[in-house]
Amino acid sequence: MTAIEPSGRTGPGWWRSAVVYQVYPRSFADGNGDGVGDLRGIRERLDHLEWLGVDVLWISPVYPSPMADNGYDVSDYLDVDPTYGTLAELDALIAELHERGMKLVMDLVANHTSDEHPWFVESSSSPESPKRDWYWWRDEPNNWGSFFSGPAWTYSEGRAAYYLHLFTRKQPDLNWENPEVRHAVYDVLRWWLDRGVDGFRMDVINLISKDPELPEAPVMPGQRYGNMRASVLDGPRVHEFLAEMHREVFDRYDDRDLLLVGETGETTVEEGRKYTDPARRELDMVLHYEHVEIDHGTFKWDVRPFDLGRLRERLAAWQTGLADVGWNSLYWDNHDQPRVVSRYGDDGRWRTESAKLLATVLHLQRGTPFVYQGDEIGMTNYPFASIDEFDDVEAVNYYHEAIALGMEPEDVIRSLRAMSRDNGRTPMQWDDSPNAGFTTGRPWLAVNPNHTEVNVAAQRDDPDSVLSHYRRLIRLRHEDPAVVDGDFTLLTDSHPQVFAFRRRHESGQLVVLANFSGAEADLGELAGECRGDLVIGSGHGSVMAPWESRVYRR
Ligand code: TEU
């Protein structure tokens with residue numbers, strides 16, 4: 001099978017026809033046999049990305065880091081951690097991608113640094129430090145809890161004060177109120193752009209502006225610490241800061257086709273419109289969370305059954321909310337999410353069918369799709385059975401906090417098995433060899449035992465595989481203007497099994513029908529939509545098979 005031509009679009013909005021592929025470097029490919037993925041491994045696998053047809057590669061952080069949060073705790077923004085390789089290898093990666101017509105997006109983690117970053121070392125050294133206001137210092141902490149359990153404040157001997165950290169204690173929050181901090185971040189951005197990178201995925205960028213009063217927060221039942229969300233999410237100056245960043249940095253690179261993606265957890269459609277309105281010159285698109293919280297109850301570990309109605313409703317709200325202004329990013333999985341096939345699909349009998357269905361529903365919406373490594377072969381959650389098998393600081397912290405609060409270990413493990421971020425971090429499954437072709441050493445996180453069946457090599461030449469299906473969808477986006485620019489209409493908000501929508505464009509229309517269930521689905525009134533050429537899928541008639549998806553063009 002030949003490579004898929006890249007989208008090749010340039011100029012404003014070039015990314016509308018592009019597909020992004022996310023690599024989590026620790027888990028993608030290990031080039032030196034130490035059990036941890038690295039830049040050499042990525043470079044050795046570029047044929048896969050080119051063959052798949054993706055236009056942009058986003059890599060999670062590879063900067064020097066103590067790895068308290070696997071690199072989302074950066075101790076030097078301008079270098080590469082030896083675990084992953086060297087700056088020279090990163091330069092080579094940029095050049096090799098550009099040669100193949102692909103772009104590189106880096107992860108910018110600027111809400112916080114590592115506590116080992118020289119800025120924090122200096123800020124914490126003394127109350128007289130010239131960088132004393134680069135972080136959030138207080139003599140007394142407020143009652144906020146961190147996103148990763150425990151308090152959001154830690155005491156520093158050097159400063160004889162407490163510092164704020166919304167994530168682990170090794171991730172102190174930068175104080176964006178201070179213009180010196182903002183300009184230091186802008187310098188970092190320019191440094192990477194001058195090196196040739198093509199854009200940024202900005203980590204938790206909607207947390208950079210806090211209510212400067214840092215008011216006490218409500219404590220939810222059964223919790224020890226206050227829920228600080230109202231004081232930190234989409235804060236008072238976040239849009240001002242992003243517009244300033246754009247003026248100070250990106251406006252100077254107008255001749256380059258950059259991609260600016262914000263990670264904006266728990267944001268709303270209303271805020272999403274502001275972040276992505278081209279006239280406001282903030283960001284191109286945001287990674288919002290609503291569709292990956294469908295199965296959360298009062299909080300993430302309170303796991304609820306999948307609810308198609310809610311998923312359909314929230315996805316449609318983003319589609320219509322950003323129809324006249326802004327642009328959507330489309331994703332199911334990333335390094336923070338369990339695998340969607342296990343979550344919203346069926347990772348047993350219908351793994352292949354449900355993985356294809358989920359891909360179809362995602363890629364044919366209006367927006368830029370993000371493929372997370374392993375999505376393209378339908379990778380699943382890992383069968384975690386004990387706390388010792390987890391690596392992630394979020395999971396481990398939550399386990400200890402929940403046990404201390406009196407919960408039963410089996411109940412906590414059940415939540416972690418369903419929702420832990422480690423599900424998305426097990427090594428990429430390249431083939432059926434003992435470590436799935438990921439490493440010749442001992443993998444840092446266990447390989448999923450199902451790699452003997454679920455792997456790239458087994459699917460590459462099979463036209464019915466999940467992998468071939470992804471290629472078909474990516475090609476369709478590159479070739480069919482209705483996929484890129486067609487408008488979006490939900491065709492049913494009440495069918496108990498079917499997600500159906502239309503994309504209408506002057507060149508014609510696409511109709512997507514997807515049976516989100518392991519039972520046959522009678523299309524009922526939707527049967528009238530089964531007209532035109534079947535461009536994806538092979539079914540026919542008014543009854544859909546379990547987990548069947550179809551796309552008609554007319
Ligand atoms: O993730 C953000 C994150 O962890 C969310 O769950 C967070 O609770 C949410 O944004 C609040 O609404 C990013 C990275 O992707 C993740 O890997 C890091 O651990 C985290 O930021 C801290 O850098």
Side-chain angles (χ1 to χ4, degrees), residues 20 22-27 58-63 65-75 77 105-115 117 120 144-150 152 164-174 185 200-210 217 223 225-235 238 261-268 271-272 275 286-293 295-296 298-302 329 331-338 370 372-373 390-398 415-416 419-425 445:
V20 181
Q22 182 195 353
V23 158
Y24 192 62
R26 276 188 102 65
S27 306
W58 148 32
I59 54 173
S60 280
V62 291
Y63 314 105
S65 164
M67 305 288 167
D69 187 17
N70 286 354
Y72 282 91
D73 48 323
V74 178
S75 55
Y77 287 111
V105 162
M106 297 288 278
D107 214 308
L108 171 78
V109 191
N111 171 69
H112 44 268
T113 67
S114 164
D115 65 339
H117 193 289
F120 186 78
W144 293 3
S146 113
F147 282 114
F148 290 167
S149 304
L164 175 70
H165 53 88
L166 295 182
F167 296 92
T168 73
R169 55 196 304 214
K170 290 195 60 71
Q171 293 163 295
D173 281 59
L174 281 164
V185 173
F200 300 93
R201 172 272 188 189
M202 304 178 190
D203 191 60
V204 292
I205 202 69
N206 64 328
L207 299 179
I208 58 177
S209 165
K210 281 92 176 159
Q223 300 289 302
Y225 298 100
N227 180 344
M228 72 325 204
R229 285 172 169 76
S231 299
V232 301
L233 286 170
D234 306 313
V238 66
V261 187
E263 188 211 20
T264 55
E266 301 179 46
T267 201
T268 59
E271 291 293 329
Y275 288 121
V286 292
L287 299 160
H288 72 85
Y289 278 38
E290 289 195 315
H291 64 299
V292 291
E293 293 180 341
D295 50 358
H296 295 190
T298 48
F299 68 134
K300 165 171 178 169
W301 307 111
D302 172 18
S329 59
Y331 76 97
W332 289 128
D333 285 352
N334 58 44
H335 63 291
D336 294 334
Q337 300 295 334
F370 286 59
Y372 178 58
Q373 62 185 46
F390 292 95
D391 169 87
D392 181 25
V393 60
E394 185 198 36
V396 174
N397 286 359
Y398 170 66
S415 300
L416 291 175
M419 222 39 98
S420 161
R421 308 195 296 181
D422 283 333
N423 282 304
R425 299 177 179 187
L445 191 65

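All ligand and atom numbering here is 1-based and tracks the order in the structure.
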Return the residue, atom name and 0.1 Å-rounded distance of the protein heavy atom closest to [atom].
{"atom": "atom 10 (O) of ligand 1", "answer": "Val204 CG1, 3.4 Å"}
{"atom": "atom 12 (O) of ligand 1", "answer": "Glu266 OE2, 2.9 Å"}
{"atom": "atom 13 (C) of ligand 1", "answer": "Asp203 OD1, 2.9 Å"}
{"atom": "atom 7 (C) of ligand 1", "answer": "Phe167 CE2, 4.0 Å"}
{"atom": "atom 8 (O) of ligand 1", "answer": "Phe147 CD2, 3.3 Å"}
{"atom": "atom 5 (C) of ligand 1", "answer": "Tyr289 OH, 3.4 Å"}

Answer yes or no: is there a donor N or O on one side and an acceptor on the other, between the side chain of [X] and the main chain of [Y], under 3.5 Å?
{"X": "Asp73", "Y": "Ala68", "answer": "yes"}
{"X": "Glu394", "Y": "Phe148", "answer": "no"}
{"X": "Asp234", "Y": "Thr267", "answer": "no"}

**Request:** Fit a plane to each ring of Tyr77 and Tyr63, take the angle between them on a 0 to 90° scale, and name the class: parallel (under 30°), tilted (30 to 60°) or perpendicular (over 60°).
**Result:**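 Answer is perpendicular, since the angle exceeds 60°.
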**Message:** Check the orientation of His291 and Trp332. Use parallel for under 30°, tilted for 30 to 60°, and perpendicular for over 60°.
**Reply:** tilted
Distance filter under 4.0 Å to [X] heavy atoms, resulting ligand 1 atoms:
{"X": "Gly265", "result": "10 (O), 12 (O)"}
{"X": "Glu263", "result": "1 (O), 2 (C), 13 (C), 15 (O)"}
{"X": "Arg421", "result": "4 (O), 16 (C), 17 (O), 18 (C), 19 (O)"}
{"X": "Asp69", "result": "18 (C), 19 (O), 20 (C), 22 (C), 23 (O)"}
{"X": "His112", "result": "22 (C), 23 (O)"}
{"X": "Asp336", "result": "1 (O), 13 (C), 14 (C), 15 (O), 16 (C), 17 (O)"}
{"X": "His335", "result": "14 (C), 15 (O), 16 (C), 17 (O)"}

**Message:** Can you see whether Tyr24 engages Asn70 through a side-chain donor-acceptor pair at a distance of less than 3.5 angstrom?
**Reply:** yes
**Prompt:** Are a donor atom and an acceptor atom from the side chains of Gln171 and Asp69 found within less than 3.5 Å of each other?
**Reply:**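 Yes - a donor-acceptor pair under 3.5 Å links their side chains.
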**Message:** Determine whether the aromatic ring centres of residues His335 and Tyr72 are separated by less than 6.0 angstrom.
**Reply:**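 Yes.
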**Asked** For Leu233, is the nearest heavy atom under 4.0 Å from an atom of ligand 1?
**Response**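 So Leu233 counts as touching ligand 1.
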**Request:** Answer yes or no for Arg201: is there a heavy-atom contact with ligand 1 below 4.0 Å?
**Result:**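 Contact check Arg201 vs ligand 1: positive.
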**Message:** One residue to check: Tyr24. Relative to ligand 1, which of side chain, backbone, both or neither has a non-hydrogen atom less than 4.0 Å away?
**Reply:**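 For Tyr24, no heavy atom sits under 4.0 Å from ligand 1.
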**Request:** Taking all heavy atoms of Val74 and all of Val109, pick out the closest pair and write down the distance.
**Result:**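 Val74 and Val109 have their closest heavy atoms at CG2-CB, 4.1 Å.
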**Message:** Quick check: closest heavy atoms across Tyr398 and Ser149, and the distance to 0.1 Å?
**Reply:** CA-OG, 3.5 Å
